[in-house]
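Notes follow once the structure below has been shown.
The chains referred to below are lettered A, B, ... by the order of the sequence lines, with proteins before strands, and numbering in each begins at 1.
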Amino acid sequence: MPPAEMPKTYSPGEIEPRVYAHWEAAGYFAPGAPGTPDAQSAPGAKGEAHYCIVIPPPNVTGTLHMGHAFQDTIMDALTRTHRMRGERTLWQPGTDHAGIATQMVVERQLEAEGIRRTQLSREAFVERVWAWKEQSGGTIGRQMRRLGASVDWSRERFTMDADLSRAVIEAFVRLHERGLIYRGKRLVNWDPKLLTALSDLEVLSSEEQGSLWHLRYPLVPGDAGAVSTGSPESPVAAATSATPGYLVVATTRPETLLGDTAVAVNPHDERYRALIGRRVRLPLTGREIPIIADDYVDPAFGSGCVKITPAHDFNDYAIGRRHDLPLINVFTPDARLNDAAPEALRGLPRFTARERIIEQLTAQGLIERIEPHMLMIPRGDRSGEVIEPYLTDQWYVSIAALAGPAIAAVESGRVRFVPENWSKTYFQWMHNIQDWCISRQLWWGHRIPAWYDDAGNIYVARSAEQASAQAHARHGRDVPLRQDPDVLDTWFSSGLWPFSTLGWPDATPELASFYPTDVLVTGFDIIFFWVARMIMMGLAFMDEVPFRAVYVHGLIRDAEGQKMSKSKGNVIDPIDVIDGIELPALLAKRTAGLMQPHLAASIERATRRQFPNGIAAHGTDALRFTFAQLATQSRDLRFDLARVDANRKFCNKLWNVARFALGTLASVAQEVPSAAAATATATAPPMFSAADRWIRSRLGATIEAVDQAVAEYRFDLAASALYEFTWNELCDWYVEIVKPALRPEAQAEARAAARATLGSVFETLLRLLHPLMPFITEEIWQRLAPLVGVTGRTIMLAPWPRAADFPRDAEADAEIGWVRAVVEGVRQIKGEMDIAMRRVPLLLGHAGHAELERLRRHGPLLSYLAALSEIRVLAPDEAAPPAAVALVGELTLLVPMAGLIEPASELARLEKLVQKNRQELARARAKLGNQEFVHNAPADVVTQERERLVDFERREVGLERQIQQVRVLAQQSEPGERRGGAAGATRASAEGAP
RNA sequence: GGGUGCUUAGCUCAGCUGGUAGAGCGUCGCCUUUACACGGCGAAUGUCACAGGUUCGAGUCCUGUAGCACCCACCA
């Protein structure tokens with residue numbers, strides 16, 4: 001519980017951990033926590049409403065970065081909103097075992113101890129990984145708690161938990177039973193460093209500088225004329241040349257030459273037509289290989305001849321299949337030349353082998369030429385190693401049957417992408433999807449549930465016993481089996497996450513209640529990796545989509561738009577933004593454990609420049625509000641600490657207005673009508689002032705705006721609506737307006753109305769802000785609620801505000817709009833004249849009946865807000881004294897200049913106003929002068945334009961008249977004031993002189 | 001090669017179904033006014049990338065161009 005007195009200073013570091021601990025201990029995060037607002041009693045809410053989000057599971061041994069914190073904020077805001085709406089709400093937490101990533105971390109730890117993974121047994125190594133998981137696994141939980149994430153911790157899951165592992169095996173077996181999983185020897189993406197296969201998605205290609213080697217493959221003498229080629233300038237001459245006798249092939253990978261089993265040309269390429277079917281002698285090996293024709297070959301590229309290495313290139317593999325070519329594997333798993341290579345080259349690493357082969361070819365005169373060449377190099381996303389297409393036995397998911405329904409689900413709108421555009425990206429990938437290689441040659445992960453007997457027969461089963469039983473049935477006796485050593489791709493288990501976490505394959509109540517989940521919140525970078533696969537798996541096993549919507553957000557970058565990365569040294573830890581960090585600690589953090597230690601110095605310099613004093617503590621609420629503001633539809637979201645700083649000030653503002661509100665409400669709590677009574681004043685009984693009705697009306701509009709923004713996942717718009725209302729309407733105007741009414745000497749009824757309004761509006765605002773700023777709102781609400789007659793143990797479970805309780809009040813809006821306009825008119829004069837603090841008299845000219853009425857109602861208020869010494873209405877025929885002027889509709893506001901305002905300054909100010917007005921006037925006139933506009937535009941637009949014109953004309957007249965008057969004054973005072981006068985004023989008076 | 005997005009104030013970005021260009025930060029004045037100097041009041045600042053088109057009217061819709069990002073893809 002918070003201290004009884006509200007401390008003068010807002011201290012998020014004290015409030016936030018305490019409040020979170022209280023929530024967690026009270027069990028408020030679980031669906032249907034006691035005291036949760038009842039969905040069925042809330043009008044408009046669906047009965048038995050459920051809401052569920054599953055968290056994208058972060059790597060269990062990792063730490064949360066800015067992107068996670070952003071994502072968690074969005075999910076928490078959604079979760080809290082729906083929970084307050086009275087829906088049974090579950091935010092399902094958990095972590096991922098992240099196969100390769102985690103295994104690599106542990107391997108590196110072992111290396112530091114001088115141990116190689118392969119020196120340990122598999123069991124010992126896996127035990128090490130578990131130990132590391134136990135040791136580091138708490139970090140994410142601590143971070144999420146600090147972020148205020150209201151996940152149901154009692155349901156926390158890990159992809160390698162027994163339950164989830166059972167789900168993985170079940171899924172594998174079922175897919176296998178349906179014929180959708182198969183094992184096959186194919187060319188895969190092989191990582192020669194990690195010694196495992198990878199899926200297509202785990203390979204990143206980037207352009208790198210390389211060479212194009214033009215190699216001469218001698219023709220085997222035959223009956224047709226020998227041909228020399230490779231001279232693009234004279235292909236025809238070459239074709240008829242009698243010079244023997246080689247073909248030139250262009251390659252970026254000469255070392256694979258040893259595995260060539262053909263040379264291909266385009267069947268329509270006249271240069272080589274005659275050679276099709278003949279043979280070349282493969283250099284260094286002496287093997288003879290055929291010249292074949294295939295449409296794949298582009299005659300315009302290189303020499304028009306392609307060496308075909310089916311065992312080491314995906315295209316060549318396809319060509320090899322078409323032409324029934326043999327596959328010759330020349331590499332070992334770690335990409336050294338194997339025994340298929342000539343003895344002198346065996347055992348050489350691939351790039352050394354390349355150099356050696358080039359040397360040998362050069363020596364034999366078989367290099368035609370070497371060109372620099374940019375090419376796409378595939379690298380493993382984890383190891384960074386150049387990927388080798390490599391022939392191995394792997395497990396695949398046959399994807400076509402799964403992709404069809406997954407495409408249909410998005411087409412039909414059963415899954416909706418937000419923003420909608422991302423569905424295009426999804427479709428594009430899904431329509432070109434390839435079978436998914438799911439086996440990995442790792443030790444950390446879900447072991448593939450397949451067993452082999454000595455004859456190589458495969459038994460896919462849920463357990464070793466089942467497999468044995470199958471083998472027994474087959475052989476009629478027990479046979480020894482060994483389990484497949486491979487594990488599954490991490491994303492296989494991730495694909496099951498939306499239902500495996502809810503208990504599948506068992507038919508649990510949670511699964512029935514919360515599947516399909518409502519929304520997946522994720523970055524666009526894992527649409528293919530994860531989103532698509534969840535949709536396919538969900539449809540395959542649950543016969544239903546895993547989520548109704550996919551909210552795709554942008555990626556958090558640093559203030560300069562750079563991706564945050566360890567090697568760039570620009571990473572900002574969300575916790576450091578919350579709690580602050582001293583410069584030395586920050587420097588240490590950024591320069592420790594760098595892959596390239598030489599970057600440390602420049603990282604340190606940049607960090608010192610950007611954060612000379614480290615990072616100040618901002619608190620979670622300020623950070624979360626910043627994330628909300630960042631949640632635009634943009635792909636790149638720049639994280640700038642200046643914004644967090646601004647939002648800390650916003651928190652401070654909220655804190656201080658709370659101190660004010662609590663101060664006034666606490667003193668006389670018994671006077672305050674109950675919130676229920678205040679809420680029941682939709683018909684605006686007389687005791688409420690226009691300001692009371694206005695702020696309620698504005699609150700209603702804000703609730704609507706927030707509701708709409710949240711429904712569209714536009715948290716940026718929600719945040720700005722909240723900011724605007726809180727600061728610019730509630731604090732700047734309403735609180736100022738009601739201060740007089742709250743004074744002890746004020747009229748009791750008005751005071752009670754003001755207190756009730758302030759109390760209910762502020763209490764409602766706290767609820768509206770809560771999903772984005774959970775801590776400060778709870779801290780204030782705990783103190784405020786009792787004072788306004790609101791019961792409930794926590795704001796977390798208080799009902800979500802309803803716009804209908806705060807209906808729009810056009811009359812009050814107009815009334816306060818007028819007050820604001822008058823006050824701003826006076827303030828503008830005073831501000832411009834640097835006399836803001838002086839009390840000045842205000843004269844009113846051209847006051848109509850309506851204005852007089854308003855003046856009667858709000859005179860004291862105007863005096864208070866604009867700091868007026870008196871207000872006097874000029875009689876119709878009364879001449880106004882020299883004055884600075886502002887116009888509000890027909891009303892003229894006059895602040896007498898006498899002794900306060902220099903005529904020259906006022907003249908300058910008026911000139912500026914009149915200039916602006918003239919532009920508007922001209923535009924409006926032109927518009928209305930255009931008959932086509934008058935005829936074609938909607939009537940209300942034309943009417944509005946006419947009204948504007950009238951207003952501009954009135955201003956024009958008023959300002960001109962005023963300028964004439966002030967000019968006279970300015971001329972009178974000019975001799976002594978020439979130097980002091982503003983340039984514009986001087987010019988104006990010069991122009992004005994006859 | 002295919003696809004997607006972006007270009008609005010000095011900076012970072014909003015601008016919904018076309019109808020008076022906005023916010024935050026920064027800048028410049030004035031102000032210790034009893035919630036807040038983490039504050040108050042006021043001010044300045046835009047050829048909405050460019051060129052066409054549709055329309056009475058375009059930051060907004062259409063076409064094209066340029067620049068900048070990103071994604072997918074097997075050209076040796």
Below 4.0 angstrom, N of the basic side chain to O of the carboxylate: do [X] and [Y] qualify?
{"X": "A/D640", "Y": "A/R638", "result": "no"}
{"X": "A/E779", "Y": "A/R783", "result": "yes"}
{"X": "A/E945", "Y": "A/R948", "result": "yes"}

Taking atom [atom1] in both [N] and [M], what distance in whole Å separates the two?
{"N": "B/U54", "M": "B/C62", "atom1": "P", "answer": "15 Å"}
{"N": "B/U45", "M": "B/G10", "atom1": "P", "answer": "11 Å"}
{"N": "B/C16", "M": "B/G26", "atom1": "P", "answer": "28 Å"}
{"N": "B/G67", "M": "B/G15", "atom1": "P", "answer": "27 Å"}
{"N": "B/C28", "M": "B/U34", "atom1": "P", "answer": "26 Å"}
{"N": "B/C72", "M": "B/C13", "atom1": "C1'", "answer": "29 Å"}
{"N": "B/A44", "M": "B/A49", "atom1": "P", "answer": "24 Å"}
{"N": "B/A21", "M": "B/A14", "atom1": "C1'", "answer": "11 Å"}

From CA spacing to verdict: side chain to side chain contact (heavy atoms under 4.5 Å, CB included), A/L722, A/L765: CA-CA 8 Å; A/L722 288 163; A/L765 173 62; 4.3 Å; yes
Could you state the atom-to-atom distance from [atom1] of [X] to [atom2] of [N] in whole Å?
{"X": "A/K649", "N": "B/C38", "atom1": "NZ", "atom2": "P", "result": "7 Å"}
{"X": "A/K8", "N": "B/G39", "atom1": "NZ", "atom2": "P", "result": "15 Å"}
{"X": "A/E947", "N": "B/U20", "atom1": "CD", "atom2": "P", "result": "14 Å"}
{"X": "A/N652", "N": "B/G39", "atom1": "CG", "atom2": "P", "result": "7 Å"}
{"X": "A/R714", "N": "B/C16", "atom1": "CZ", "atom2": "P", "result": "9 Å"}
{"X": "A/F660", "N": "B/G39", "atom1": "CZ", "atom2": "P", "result": "18 Å"}
{"X": "A/L717", "N": "B/G22", "atom1": "CG", "atom2": "C1'", "result": "13 Å"}
{"X": "A/E560", "N": "B/C13", "atom1": "CD", "atom2": "P", "result": "11 Å"}

Please tell me which of the listed nucleotides, [options], lies nearest to the side chain of [X]?
{"X": "A/R923", "options": "B/A35, B/A44, B/A21", "answer": "B/A21"}
{"X": "A/F933", "options": "B/C56, B/G42, B/U20", "answer": "B/C56"}
{"X": "A/E736", "options": "B/C30, B/A35, B/C56", "answer": "B/A35"}
{"X": "A/E832", "options": "B/A43, B/U20, B/C25", "answer": "B/A43"}
{"X": "A/V941", "options": "B/U20, B/U4, B/G19", "answer": "B/G19"}

Considering every strand shown, what is the Watson-Crick or G-U wobble mate of [N] when both distances are under 3.5 Å?
{"N": "B/C75", "answer": "none"}
{"N": "B/A9", "answer": "none"}
{"N": "B/C61", "answer": "B/G53"}
{"N": "B/U32", "answer": "none"}
{"N": "B/A43", "answer": "B/U27"}
{"N": "B/A69", "answer": "B/U4"}

- Steps toward side chain to side chain contact (heavy atoms under 4.5 Å, CB included) verdict (A/Y10, A/D621): CA-CA 12 Å; A/Y10 163 60; A/D621 287 323; 4.1 Å; yes
Does any non-hydrogen side-chain atom of A/N421 lie less than 4.5 Å from one of A/F524? no
Check for me whether A/K653 meets the cation-pi criterion with A/Y723, that is, NZ or CZ under 6.0 Å from the six-membered ring centre and within 45 degrees of the ring axis. no
Side-chain N,O ([X]) to OP1/OP2 ([N]) below 4.0 Å:
{"X": "A/Q828", "N": "B/A43", "value": "yes"}
{"X": "A/K912", "N": "B/G42", "value": "no"}
{"X": "A/T632", "N": "B/A14", "value": "yes"}

Discussion item. Can you say whether a donor on the side chain of A/Q633 sits under 3.5 Å from an acceptor on the base of B/A14, or the other way round?
Written reply: no
Which part of the nucleic acid does [X] contact within heavy-atom distance under 4.0 Å: base, sugar-phosphate only, or nothing?
{"X": "A/S634", "result": "sugar-phosphate"}
{"X": "A/W727", "result": "sugar-phosphate"}
{"X": "A/Q629", "result": "nothing"}
{"X": "A/R638", "result": "sugar-phosphate"}
{"X": "A/C651", "result": "nothing"}
{"X": "A/R648", "result": "base"}
{"X": "A/N421", "result": "sugar-phosphate"}
{"X": "A/K739", "result": "base"}

Ranking A/N936 and A/S720 by the position along RNA chain B of their nearest nucleotide, the one closer to 5' is A/S720
Heavy-atom nearest nucleotide on RNA chain B taken for A/W733 and for A/D640; more 5' hit belongs to A/D640
Exactly one candidate in A/L247, A/T251, A/V280 meets side-chain contact (heavy atoms from CB on, under 4.5 Å) with A/K307; the answer is A/T251
Please determine, by modelled atom types, if A/Q629 and A/N647 share a side-chain donor-acceptor pair under 3.5 angstrom. yes
Scoring nucleotides 68-76 of chain B by protein non-hydrogen atoms under 4.0 Å (B base, S sugar-phosphate only, - none) yields -SBSSBBBB
Once you measure the plane-to-plane angle for A/H312 and A/Y390, does it fall in the parallel (<30°), tilted (30-60°) or perpendicular (>60°) bin? tilted
* Is the A/F650 ring parallel, tilted or perpendicular to the A/F625 ring (thresholds 30°, 60°)? -> tilted
